[in-house]
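Below is one structure, written out as structure tokens; the observations come after it.
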Amino acid sequence: MKKTIITVVGKDGVGIIAKVCTYLADNDINIEDISQTIVSGFFNMMMITDMSKSKIPFADVSDELAKLGEEIGVVIKCQKEEIFDSMHRI
């Protein structure tokens, strides 16, 4: 399984979750877990996804989500699970 951590941060607005989830569904990327909060008008979402069925390489998904984020006014970052785990190991 190719797990990816996706974070979305920015000012809250209509359709953020819908646009990100539509992109993922259109590219056969399954959301395994999702958490989102809005604090004082700021949106924060973290997803754990499975990219094993996606035909698109990780680098392209990361670039396309970053571009989507710019279009909707948020910052979207993607990290492979093993990199995320290494960065957060104490």
Side-chain angles (χ1 to χ4, degrees):
M1 191 177 310
K2 295 170 22 179
K3 288 190 181 177
T4 302
I5 311 303
I6 298 173
T7 57
V8 182
V9 178
K11 285 227 175 214
D12 189 29
V14 174
I16 296 171
I17 295 172
K19 289 175 183 164
V20 174
C21 291
T22 296
Y23 173 86
L24 297 176
D26 288 347
N27 290 288
D28 296 318
I29 299 169
N30 187 47
I31 299 168
E32 294 189 338
D33 200 356
I34 185 170
S35 171
Q36 71 100 62
T37 58
I38 300 167
V39 178
S40 296
F42 290 95
F43 178 86
N44 184 31
M45 178 168 64
M46 180 175 153
M47 294 184 279
I48 300 172
T49 64
D50 176 7
M51 291 187 58
S52 62
K53 293 183 181 175
S54 181
K55 309 264 187 293
I56 300 175
F58 170 82
D60 291 347
V61 169
S62 182
D63 290 345
E64 290 172 7
L65 281 172
K67 183 179 176 186
L68 174 63
E70 289 175 15
E71 292 170 9
I72 61 177
V74 296
V75 175
I76 302 177
K77 303 266 187 195
C78 297
Q79 293 179 306
K80 292 182 180 181
E81 180 184 36
E82 58 268 17
I83 301 298
F84 186 86
D85 286 345
S86 295
M87 287 177 51
H88 295 90
R89 196 172 295 153
I90 296 178

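None of the values given here were measured: they were computed from a predicted structure.
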**Q.** Given Ile5, Thr49, Ile6, Thr7, the one that forms side-chain contact (heavy atoms from CB on, under 4.5 Å) with Cys78
**A.**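 Answer to the side-chain contact (heavy atoms from CB on, under 4.5 Å) test with Cys78 among Ile5, Thr49, Ile6, Thr7: Ile6.
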How many angstroms lie between [atom1] in [X] and [atom2] in [Y], if you round to the nearest 0.5 Å?
X	Y	atom1	atom2	result
Ser35	Asn44	OG	CG	7.5 Å
Lys2	Ile29	NZ	CD1	9.0 Å
Asp60	Lys67	CG	NZ	12.0 Å
Ile56	Ser62	CD1	OG	12.0 Å
Asp33	Lys3	CG	NZ	9.0 Å

**Q.** Check: Ser52 main-chain N/O paired with Asp50 side-chain donor or acceptor under 3.5 Å
**A.**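 Such a contact is found between Asp50 side chain and Ser52 backbone.
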Q. Minimum heavy-atom separation for Tyr23 to Glu64, with atom names?
A.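 Closest approach of Tyr23 to Glu64, heavy atoms only: OH-OE1, 2.5 Å.
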Side-chain heavy atoms nearer than 4.5 Å, only ILVMFWY residues, links allowed to pass through others: does that put [X] and [Y] together?
X	Y	result
Val75	Leu68	no
Val9	Leu65	no
Ile34	Val74	yes
Val20	Ile17	yes
Val8	Ile38	yes

Side chains of [X] and [Y] in contact at under 4.5 Å (non-hydrogen atoms):
X	Y	value
Lys11	Phe42	yes
Lys53	Asn30	no
Leu24	Ile31	yes

Q. Hey, does the Lys NZ or Arg CZ of Lys80 hover above the aromatic six-ring of Phe58, less than 6.0 Å from the centre and inside 45° of the axis?
A.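 Checked: cation-pi criterion met.
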